[in-house]
Structures are given as C-alpha cells and as structure tokens.
Amino acid sequence: MTTTPIAAADQQAMAAALDEARAAAAAGEVPVGAVVVHLGEIVVRAQNRMRRDGDATAHAEVLAMRAAAHAFGDEMLRSATLVVTLEPCAMCAGAIVLARVERLLFGAWDDKAGMCGSVGDIVRHPRLNHRPAVQGGILAAESSALLRQFFSQRR
C-alpha cells in the first residue's frame, strides 16, 4: 500500500522492532515489537506482554510509549517516532494520537483490526487535533511472516 521510499534509519529501527517481535514469540506472545526513536537513536524497545502481564492493554506500542514518556519525563512524544511491526489497533492508534507521536512507522498491514488505514484510520481522522505522519508496509514481508508462522504453530 505504500510507495514512499524507506530510509535506511527507518529500516534499521524496524529491524530492531522485529527483534522484539521474535522475542515476544519465543515467550509465547503474539509477535509484535515496537521501538521509539528520538533524535535518530532508539531510546525504548518493547514487545507484546499481554499473556505474561495478564493485561489486555500490554500491547508493544502502549508499553513503548509508556516507557518513552517516563524516559522523557513528558507524556507528550512530539519529537518521537514510534516503529511497530504490525499496524496499530484502535486502542493503540488512539494512544498514539493522545501522546502526540510525531511519526508512526509500521510493518504488516492488519486487515482485521488495523486502525491506521486498513479497517479504519484513527491516526488521520480529520476531527482529531493531532495527526502523526504515517508510513506502513516497512519490512512488511518479514513482519507478516513472523505472524503467520506464530499462528500456524498454534492451529
């Protein structure tokens, strides 16, 4: 769905998010990983922890944004880029808007629950007061393959 060239730094950040997704899968979690980039450096890494934490809100994106807000000492992530391996769901997309994330980059599109262009588009809704720059499909094949492999092993 995207035709925008992908910067090398964005590919590297997505590779780090994919490492987190693999670690999540190894722990029995849905393989989604996220990183927060600030001033060209990865400052936070996170992975899905729903099963381990017994918390339906423990998505990689939410955990990454919480950690970044703590690290920055500010709930607003205006100068941050959130990189995640799967298109964010409604909860995560809403949190991205509320946190004022500057850029959102994601890997695989989610035709069942994605709210950044697939099922809906919360992050670019015209009535909301913040809209991050969004680019999807970054290393999408790798992200999709991880998810397919994880779910095929559980069926």
Side-chain angles (χ1 to χ4, degrees), residues 6 9-123 130 132 134-155:
I6 301 165
D10 293 342
Q11 288 184 21
Q12 291 172 342
M14 184 59 75
L18 282 163
D19 288 343
E20 291 299 316
R22 288 184 197 95
E29 300 279 356
V30 174
V32 177
V35 300
V36 174
V37 178
H38 183 256
L39 300 175
E41 298 293 325
I42 294 173
V43 294
V44 170
R45 295 171 179 257
Q47 57 191 247
N48 270 2
R49 294 192 54 89
M50 290 173 48
R51 297 188 82 159
R52 289 174 282 180
D53 292 357
D55 179 356
T57 69
H59 290 198
E61 304 95 301
V62 169
L63 297 174
M65 287 186 291
R66 285 178 187 161
H70 181 74
F72 297 165
D74 186 353
E75 72 276 11
M76 300 301 175
L77 306 177
R78 288 182 179 97
S79 60
T81 297
L82 176 65
V83 182
V84 61
T85 58
L86 180 64
E87 179 183 0
C89 68
M91 175 186 69
C92 295
I96 290 163
V97 170
L98 292 173
R100 310 292 195 270
V101 170
E102 181 178 2
R103 293 175 66 220
L104 167 64
L105 309 176
F106 65 87
W109 294 89
D110 186 349
D111 293 334
K112 293 181 182 174
M115 289 304 228
C116 300
S118 291
V119 175
D121 202 347
I122 291 171
V123 294
H130 176 74
V134 178
Q135 185 174 1
I138 298 171
L139 301 182
E142 292 90 333
S143 296
S144 295
L146 266 176
L147 289 159
R148 273 194 309 279
Q149 180 182 11
F150 177 82
F151 287 113
S152 72
Q153 292 173 348
R154 277 150 183 76
R155 290 186 180 119

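All residue numbers in this chain count up from 1 along the given sequence. Please read all numbers here as calculations on a predicted model, not as lab measurements.
Asp55 CG to Leu63 CG: the interatomic distance, rounded to the nearest 0.5 Å, is 7.5 Å. Distance CG/Leu77 to CD/Glu102: 10.5 Å, rounded to 0.5 Å. If you take CG on Leu105 and CD on Gln11, they are separated by 11.0 Å, rounding to the nearest 0.5 Å.
Between Ala16 and Ile42, the shortest heavy-atom contact is CB-CD1, 3.5 Å. Here the closest non-hydrogen pair linking Asp10 and Arg103 is OD2-NH2, 2.8 Å. Nearest heavy-atom pair across Gly28 and Phe150 is O-CZ, 3.9 Å. The shortest heavy-atom contact between Ala56 and Met91 is O-CE, 4.1 Å. Ser152 and Gln149 get closest at one heavy-atom pair: OG-O, 3.0 Å. The nearest pair of heavy atoms linking Cys116 to Trp109 is O-CZ3, 4.0 Å.
Of the possible polar contacts, one joining the Glu87 side chain to the Gly117 backbone as a donor-acceptor pair under 3.5 Å is found.
Pairs of residues two or more places apart, or lying in two chains, never qualify as ring pair (Phe, Tyr, Trp, His ring centres under 6.0 Å) while including a residue from residues 40-67.
Residues satisfying the side chain to side chain contact (heavy atoms under 4.5 Å, CB included) test with Asp19, not counting sequence neighbours, are Arg22. Remark: His70 pairs with no residue by the ring-ring contact (aromatic ring centres under 6.0 Å, His included) rule, at least two apart or across chains.
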Expected list for residues 31-40: side-chain donor-acceptor pairs under 3.5 angstrom, two or more places apart:
unit_1	atom_1	unit_2	atom_2	d
His38	NE2	Ser79	OG	2.9

Show every donor-acceptor pair shorter than 3.5 Å between a side-chain atom in residues 92-100 and any protein atom, with sequence neighbours excluded, or say none if there are none.
unit_1	atom_1	unit_2	atom_2	d
Arg100	NH1	Val97	O	3.4
Arg100	NH1	Leu98	O	3.1

Side-chain atoms of residues 137-148: list all donor-acceptor pairs with protein atoms under 3.5 Å, sequence neighbours left out, distances to 0.1 Å.
unit_1	atom_1	unit_2	atom_2	d
Ser143	OG	Thr85	O	3.2
Ser143	OG	Leu139	O	3.4
Ser144	OG	Ala140	O	3.0

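Within a 6.0 Å radius of CD in Gln153, other residues, nucleotides and ligands contribute more than 12 heavy atoms. Residue Arg51 places its CZ atom among 12 or fewer non-hydrogen atoms of other residues, nucleotides or ligands, all under 6.0 Å distant.
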Quiz prompt | Verdict with reasoning, Thr57 to Arg66, per side-chain contact (heavy atoms from CB on, under 4.5 Å) | solution = CA-CA 11 Å; Thr57 69; Arg66 285 178 187 161; 3.5 Å; yes
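Inter-residue side-chain proximity for Met50 and Val30 is flagged as unmet; no heavy-atom pair is nearer than 4.5 Å. Two residues are said to be in side-chain contact when any heavy atoms from C-beta on lie closer than 4.5 Å; Glu61 and Val101 fail this criterion. Considering only heavy atoms from C-beta on, Leu104 comes within 4.5 Å of Val84 through its side chain.
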